[in-house]
Novice: 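Input: one structure, supplied below.
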2 protein chains.
Amino acid sequence: MKISSRFTVAVHILALLALEKNAHCTSEWIAGSVNTNPVVVRRVIGQLKKAGFVQVRPGTGGAFLTKDTQEITLLDIYRAAEVVEGGELFQIHEHPNPKCPVGANIQAVLEVILLRAQEAMENVLREIRLHDIVTALAQKIEANRP
Amino acid sequence: MKISSRFTVAVHILALLALEKNAHCTSEWIAGSVNTNPVVVRRVIGQLKKAGFVQVRPGTGGAFLTKDTQEITLLDIYRAAEVVEGGELFQIHEHPNPKCPVGANIQAVLEVILLRAQEAMENVLREIRLHDIVTALAQKIEANRP
DNA sequence: CATGTTGTAACTACAATGGTTACAAGAGGA
DNA sequence: TCCTCTTGTAACCATTGTAGTTACAACATG
């Protein structure tokens, strides 16, 4: 099972808000860029609000960033999107037989190793900031200009 | 969504085969240690067979390792268990709007970063061998002896 | 030949995902 | 004031993966 696309959708949304500061970023408009349903966008934005990354103008609508793009790492977004329950990437099979020497100890042995693997992945995400994404996007956009 | 416990079940099974070389390791017996259904065990063993890590005695039954525990890394087992389709950990949302500058470029930008994160995780798994698991288990078993 | 095991199919229950419709509530403009 | 637009949320749906279960033909060995 892959990590839910909620994460990359969240990154997409935040990058959009950063690059289109002056647009009226409604869920409908954002959904047009992501190519999904406005409600899906609102759900993700709800999580980004909870994380304190964005706000939404009441009534008239439109989301905007409330943090500097340097202050948001991909790991922050990953956590905000809640794509892995409890933050634990690996699922260790539960209730192995405690009367079997292997069953009694396998969990403890695996736990430390798999946590290390998870942290290695998260450390890469921690090193990337929204600012880096936006910069890379701006470069590509510039390069593709006719 | 977490990574399927098929992976840790596979590690459990292989460790069991390594530590209990002389036992008659039927799917029923293994299932007793993992605490699951024999058919679940047979399915995982089927994948481990495909990967060339084990064989099963025809007729009489019982699985056994066909590789040295030093030759099997956790990454090998992870791949054999096929816990993430296509080997790609992150799912990038498909078909963003190519007419939007962000939509047209976000996939390319994310792809390289997320692949890097995935590889960091896999590199940790690659460093651990079944032998290390078995050694750690043996130590814990010894320590817990009354 | 009887026994025990495997491999596989088929079915189930359950959960997460992503999409969709619907609608009350709120803010601002005409 | 009323109309319009947007949001937040609930509810529902189809799809998919997971993990467990039953059932059974095929097969080797004692």
Side-chain angles (χ1 to χ4, degrees), chain A residues 1-10 12-13 17 23-32 34-51 54-64 78 81-97, chain B residues 1-10 12-13 17 23-51 54-64 78 81-96:
Chain A
M1 183 69 85
K2 287 176 187 298
I3 289 174
S4 163
S5 66
R6 262 205 315 282
F7 170 42
T8 58
V9 168
H12 185 142
I13 292 174
L17 297 184
H24 185 208
C25 302
T26 67
S27 61
E28 180 106 29
W29 183 79
I30 296 172
V34 176
N35 190 26
T36 182
N37 191 286
V39 177
V40 173
V41 172
R42 282 180 228 151
R43 284 202 277 244
V44 174
I45 287 182
Q47 300 185 281
L48 298 176
K49 275 201 300 189
K50 247 197 291 177
V54 306
Q55 278 183 28
V56 175
R57 262 173 292 268
T60 166
F64 56 96
Y78 173 86
E82 294 174 14
V83 277
V84 299
E85 319 87 282
E88 305 230 306
L89 181 59
F90 292 92
Q91 180 174 13
I92 302 185
H93 60 291
E94 306 178 300
H95 315 304
N97 188 341
Chain B
M1 182 69 84
K2 287 174 189 295
I3 289 174
S4 162
S5 66
R6 260 202 319 280
F7 171 41
T8 59
V9 168
H12 185 143
I13 293 174
L17 297 185
H24 185 208
C25 302
T26 67
S27 61
E28 179 107 28
W29 182 78
I30 296 172
S33 169
V34 176
N35 190 26
T36 181
N37 190 286
V39 177
V40 173
V41 171
R42 282 180 228 151
R43 284 203 277 244
V44 174
I45 287 182
Q47 300 185 281
L48 298 176
K49 274 201 300 189
K50 248 196 291 177
V54 305
Q55 277 182 29
V56 175
R57 263 173 290 267
T60 167
F64 56 96
Y78 173 86
E82 292 173 15
V83 278
V84 299
E85 319 88 282
E88 305 228 306
L89 181 59
F90 292 92
Q91 181 173 13
I92 302 185
H93 61 292
E94 304 177 302
H95 315 304

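Chain naming here is simple, since letters A, B, ... match the order of the sequence lines and numbering starts at 1 in each.
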Novice: Nearest 0.5 Å please: distance from the CD1 atom of A:Ile45 over to the CD atom of A:Gln55.
Specialist: 12.5 Å
Novice: Rounded to whole Å, how long is the line connecting atom CG of B:Leu48 with atom P of C:dT6?
Specialist: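 After rounding, the reported distance stands at 14 Å.
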Novice: Hey, does the side chain of A:Ser5 come within less than 4.0 Å of C:dG18's phosphate (OP1/OP2), counting only N and O?
Specialist: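 So the side-chain polar atoms of A:Ser5 do come within 4.0 Å of the phosphate oxygens OP1 or OP2 of C:dG18, strictly under.
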Novice: State, with a plain yes or no, whether a side-chain heavy atom of B:Thr60 is found less than 4.5 Å away from one of B:His24.
Specialist: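 The answer is yes, as the side chains (C-beta and beyond) meet within the 4.5 Å cut-off.
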Novice: Could you check if a side-chain atom of A:Phe64 sits within less than 4.5 angstrom of a side-chain atom of A:Leu17, using non-hydrogen atoms only?
Specialist: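 Result no, sub-4.5 Å side-chain heavy-atom pair not found.
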Novice: Is there a side-chain contact between B:Arg6 and B:Gln47, using heavy atoms and a 4.5 Å cut-off?
Specialist: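 Yes. Closest side-chain heavy atoms under 4.5 Å.
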Novice: Let me confirm one number: the OG1-CZ distance from A:Thr26 to A:Arg57, rounded to the nearest 0.5 Å.
Specialist: 10.5 Å
Novice: Quick one, give me the B/S/- string for nucleotides 24-30 of chain C, reading 5' to 3', where B means a protein heavy atom under 4.0 Å from the base and S means that only happens at the primed atoms, P, OP1 or OP2.
Specialist: --BS---
Novice: Heavy atoms of chain A, cut-off under 4.0 Å: which first and last nucleotide of DNA chain D, 5' to 3', fall inside that, if you could look?
Specialist: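 So the contact region on DNA chain D extends D:dC5 to D:dA19.
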Novice: Any base atoms under 4.0 Å from A:Val39, or only sugar-phosphate, or nothing? Heavy atoms, all strands.
Specialist: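 It contacts base atoms.
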Novice: Rounded to the Å, how far apart are B:Trp29 CH2 and C:dG4 C1'?
Specialist: 17 Å
Novice: What is the distance, to the nearest angstrom, from the CD atom on B:Gln55 to the C1' atom on C:dT6?
Specialist: 14 Å
Novice: Nearest heavy atom decides the nucleotide; on that basis, is A:Glu28 or B:Glu82 closer to the 5' end of DNA chain D?
Specialist: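 Between the two, 5'-proximity favours A:Glu28.
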Novice: Looking across every strand, which nucleic acid part, if any, lies under 4.0 Å from A:Gly62 by heavy atom: base, sugar-phosphate, or nothing?
Specialist: sugar-phosphate
Novice: Within the pair B:Gln91 and C:dG18, is there a side-chain N or O less than 4.0 Å away from OP1 or OP2?
Specialist: yes
Novice: Grab the NZ-C1' distance between B:Lys2 and C:dT17 for me, whole Å please.
Specialist: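 After rounding, the gap between these two atoms is 17 Å.
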Novice: State, with a plain yes or no, whether a side-chain heavy atom of A:Val44 is found less than 4.5 Å away from one of A:Val41.
Specialist: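 No, every pair of side-chain atoms sits at 4.5 Å or beyond.
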Novice: Check whether A:Asn97 reaches the backbone of B:Gly32 with its side chain - one donor and one acceptor, N or O, closer than 3.5 Å.
Specialist: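 At least one qualifying donor-acceptor pair exists.
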Novice: Considering just the side-chain nitrogens and oxygens of A:Arg43, establish if one lies under 4.0 Å of OP1 or OP2 belonging to C:dG18.
Specialist: no
Novice: Find which nucleotide of DNA chain C each of A:Met1 and A:Asn37 is nearest to by heavy atoms, and output the residue with the more 5' nucleotide.
Specialist: A:Met1
Novice: Which value, rounded to the nearest 0.5 Å, describes the distance between B:Glu28 atom CD and B:Asn37 atom CG?
Specialist: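 Result: 8.5 Å between the selected atoms.
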Novice: Ignoring hydrogens and angles, write down the donor-acceptor pairs under 3.5 Å from the side chains of residues 84-94 of chain A, residues two or more places apart or on other chains.
Specialist:
unit_1: A:Glu85; atom_1: OE1; unit_2: B:Met1; atom_2: N; d: 3.1
unit_1: A:Glu85; atom_1: OE1; unit_2: B:Lys2; atom_2: N; d: 3.4
unit_1: A:His93; atom_1: ND1; unit_2: B:Thr8; atom_2: OG1; d: 3.0
unit_1: A:His93; atom_1: NE2; unit_2: B:His12; atom_2: ND1; d: 2.9

